[in-house]
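Inspection log for the structure reproduced underneath, given as C-alpha cells.
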2 protein chains.
Amino acid sequence: MSWRKEQRRAERGYHHGNLKEALLQAALGLIAEKGAAGFTFADAARMAGVSAAAPYRHFRDRDELLSSIAQRGFEQFESRLTAAWDDGRPDTVTAFERVGRAYLAFAREEPAFYNAMFESGLPVDANPALQAASERAFNIIRAAAERLAALAPPGTPRPPAMMMALHIWSMSHGVASLFSRGDAARRKLPMSPDELLEAEVLIYLRGLGFPTDRRPAGKGAEPPPVPPEASSGSGVPPGGPWGKPK
Amino acid sequence: MSWRKEQRRAERGYHHGNLKEALLQAALGLIAEKGAAGFTFADAARMAGVSAAAPYRHFRDRDELLSSIAQRGFEQFESRLTAAWDDGRPDTVTAFERVGRAYLAFAREEPAFYNAMFESGLPVDANPALQAASERAFNIIRAAAERLAALAPPGTPRPPAMMMALHIWSMSHGVASLFSRGDAARRKLPMSPDELLEAEVLIYLRGLGFPTDRRPAGKGAEPPPVPPEASSGSGVPPGGPWGKPK
DNA sequence: AGCTCATGTGAACGACTTTTACATGAGCTG
DNA sequence: CAGCTCATGTAAAAGTCGTTCACATGAGCT
C-alpha cells in the first residue's frame, strides 16, 4: 500500500522542483478547512507528496510556514485595500466605505490568510518583516483617514487621522471576526455584515460631523460628487444609515 | 526518580477528590500563559498531579475542557457586563460606556477566558449550552442598547437597538482583539485602548444624534445627570471625544 | 565525466491524544 | 462491620506530530 508514494515519486522524480510553493498552497488549503490551529506540517508535506522531513529544507519550523502565509496575506490585503481606496475616487467617503467592504470581503474570501494573519496567535511583533507588512496594510487605512480628516467640516475641531484610522480598523476587524467568517457566520443577524459595517462607519462619520449623504460640505477640496442616481444601492437612505426602523 | 508522583499520591491518596475543578484551574493558567493553541491536556493533568488518562474521566476530550472554560468565561463575562451596566445608573450614556470599559477590562484581566471564548477556534454554534451562554452575555449589551435607543432624540428616526448592540459589540471586540490583549498589546498607540474605545463609542453615539456631554436631551425619561464635577476624567472634553487635535 | 550542494528520504526521539484493561477505595446496603 | 459496586484513577499501547540526523539523489557547474 505504499505504491502511492512510489507512484508520486515516479511522476515527479526525487526532487519536487517547487516544494516551497507547493507547501504554501497546501497549507493555505488546510488552514482554510481546519483553521490555523488544526493545520499540520505533516499534512502539508503529505499533500505535496513528500516526506515529513522535507519541509524543513524550506522552513525552519511550522511557525515559519505560518508566518510566511501571514506575510503573503498582509501583502494581498494591502493590495486589495489599495485598490479599494483607489486614491479616494470618486469621492472620499465613497472610497472610504469601499475600503471597509474590501476588508470584509478579504476576511470572507481569504479565510486562510485572514486566519493566519489575525487568529493564529502568531507573535506579529516578533517578526520584523511581518510587522512591516502589517503596518503597510494599516497605512492604507491611515492614509484614507488622513484624507477624510482633511475634509472635516469647518468650524468643528479636526479629528486626529490616526485615531480615525484605528477606529475604522477596529470596527472592520470586529465585524469581520464576529460575524463575517466562512463557515462561522455564527450569529443570526438582522442585516448582512457588509450592511452592518457600512451603517456603523456612516454613523461614526456623521458623529464626526461629516455629511454622510455623499455631498461634502467643503467646497473645492473635493471633486464634484457623484450624481445621486449613480451611487446605486450604497447611498444613504434619507432616514439614516439603516433600514426602516419599525 | 519518580518519587515526586508517589509523593503527590501520598499527599492526596489515590483519588484526587476534586480533579475536574483542578483541571479547569490548571487549564486556565496554561491558556493564560501559552494561549489556547499551546495548551495541552497532558500538561493540565501533570499540573493536577494525575496521569494523562485521568482527565478523560471528566471531559470527553480536550475540546470539551476548552468548551467548559469558554462556557464559564461567558458566564463571568455576562456577570461583569451586568454589573457594569448596573441597570443604566446613574444615566444611560455613562452606564453604556462603563459596559464598554468592562468589555476591555475583561479581555485584559481574563486573557485565558477571552482566548477560549473568542480566539480558540471553538465552533460556538456546535455547542448549544455555549451558544446560549454567549447569547446571554450579548443580551446585556442588547438590553443596554435598547434603553439607549429609547432615549433617541425626538425628531430623528429611532435607531434599531439590535443594530446598535451589534455595532457596540464589534467596536469593543475589535479594540480588544487588536490592541488590548495581554502581552500582545502589539501596536503602538497614540492613546490607551480604553480611551480609544471610549472615543469611538462617543463619536458613534453622537452620530446617532445622542448628546454626548452626558446631558440627556429628553426630559423626565432619564434620571438627572451626574453633576459635572462628579464625572471625573471620563467626561467629554468640550472640543470633542478626543484629545487636543494639533 | 566528475564534483558539489541543495533538496529529499527514512529512522528515530520525545511529546501529545485517546483507548483499553486493570486497580483502588468511598460510600451504600444488609 | 463485611461486602459490593461504581466512580475515579493508573499503566500500557497505538497512532500522530514536530523535529533532528545521517544518508541518498541528482541538477547544474567545471
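Model, not experiment: these values are computed from the prediction. Throughout, a chain's letter reflects where its sequence line sits, starting with A, and its residues are numbered from 1.
In this structure a side-chain-to-backbone donor-acceptor pair under 3.5 Å is missing from B/Asp86 to B/Gly88. Of the possible polar contacts, one joining the A/Arg147 side chain to the A/Asp87 backbone as a donor-acceptor pair under 3.5 Å is found.
The side chain to side chain contact (heavy atoms under 4.5 Å, CB included) test with B/Phe39 singles out one residue from B/Asn115, B/Ile69, B/Leu66, and that residue is B/Leu66.
We find that B/Glu109 and B/Arg80 are joined by a salt bridge, their nearest charged nitrogen and carboxylate oxygen being less than 4.0 Å apart.
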**OP:** Start with the C-alpha distance between B/Ile141 and B/Leu166, add both sets of side-chain angles, then the distance that settles side chain to side chain contact (heavy atoms under 4.5 Å, CB included), and finish with yes or no.
**Re:** CA-CA 8 Å; B/Ile141 301 180; B/Leu166 293 171; over 6 Å; no
Show me the donor-acceptor pairs within less than 3.5 Å that the side chains of residues 20-29 of chain B make with the rest of the protein, sequence neighbours left out.
{"from": "B/Glu21", "atom 1": "OE1", "to": "B/Arg72", "atom 2": "NH2", "distance (Å)": "3.1"}
{"from": "B/Glu21", "atom 1": "OE2", "to": "B/Gln25", "atom 2": "NE2", "distance (Å)": "3.1"}
{"from": "B/Glu21", "atom 1": "OE2", "to": "B/Arg72", "atom 2": "NH1", "distance (Å)": "3.0"}

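Rounded to a whole Å, the CZ atom of B/Phe59 is 15 Å from the C1' atom of D/dG9. Taking atom CG of A/Asn18 as the reference point, atom P of C/dT7 lies 11 Å away to the nearest angstrom.
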Sub-3.5 Å pairs of nitrogen or oxygen atoms, protein against nucleotides 15-19 of chain D:
{"from": "D/dC17", "atom 1": "OP2", "to": "A/Arg46", "atom 2": "NH2", "distance (Å)": "2.9"}
{"from": "D/dC17", "atom 1": "O3'", "to": "A/Thr40", "atom 2": "OG1", "distance (Å)": "3.2"}
{"from": "D/dG18", "atom 1": "OP1", "to": "A/Phe41", "atom 2": "N", "distance (Å)": "3.0"}
{"from": "D/dG18", "atom 1": "OP1", "to": "A/Arg62", "atom 2": "NE", "distance (Å)": "3.4"}
{"from": "D/dG18", "atom 1": "OP2", "to": "A/Phe41", "atom 2": "N", "distance (Å)": "3.2"}
{"from": "D/dG18", "atom 1": "OP2", "to": "A/Ala42", "atom 2": "N", "distance (Å)": "2.7"}
{"from": "D/dT19", "atom 1": "OP2", "to": "A/Tyr56", "atom 2": "OH", "distance (Å)": "3.1"}
{"from": "D/dT19", "atom 1": "OP2", "to": "A/Arg62", "atom 2": "N", "distance (Å)": "3.2"}
{"from": "D/dT19", "atom 1": "O5'", "to": "A/Tyr56", "atom 2": "OH", "distance (Å)": "3.4"}

What's touching nucleotides 21-24 of chain C from the protein side, N or O pairs under 3.5 Å?
{"from": "C/dA23", "atom 1": "N3", "to": "B/Tyr14", "atom 2": "OH", "distance (Å)": "3.2"}
{"from": "C/dT24", "atom 1": "O2", "to": "B/His15", "atom 2": "NE2", "distance (Å)": "3.1"}

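Sorted by first and then second residue, the ring pair (Phe, Tyr, Trp, His ring centres under 6.0 Å) pairs with a member in residues 47-66 of chain B read B/Phe41-B/Tyr56; sequence neighbours excluded.
Secondary-structure stems of DNA chain D, taken as three or more successive Watson-Crick or G-U wobble pairs (i with j, i+1 with j-1) under a 3.5 Å distance threshold, comprise C:1-30 with D:1-30.
Centroid-to-centroid, the aromatic rings of B/Phe118 and B/Phe74 come within less than 6.0 Å. Close placement of the B/Tyr103 and B/Phe77 rings is indicated, their centers lying within 6.0 Å of each other.
Contacts of B/Phe113 classified as ring-ring contact (aromatic ring centres under 6.0 Å, His included), with partners at least two apart in sequence or in another chain: none.
Using a 4.0 Å heavy-atom cutoff across all strands shown, A/Gly17 reaches sugar-phosphate atoms only and no base atom.
An OP1 or OP2 oxygen of D/dG9 is reached within less than 4.0 angstrom by a side-chain nitrogen or oxygen of B/His58.
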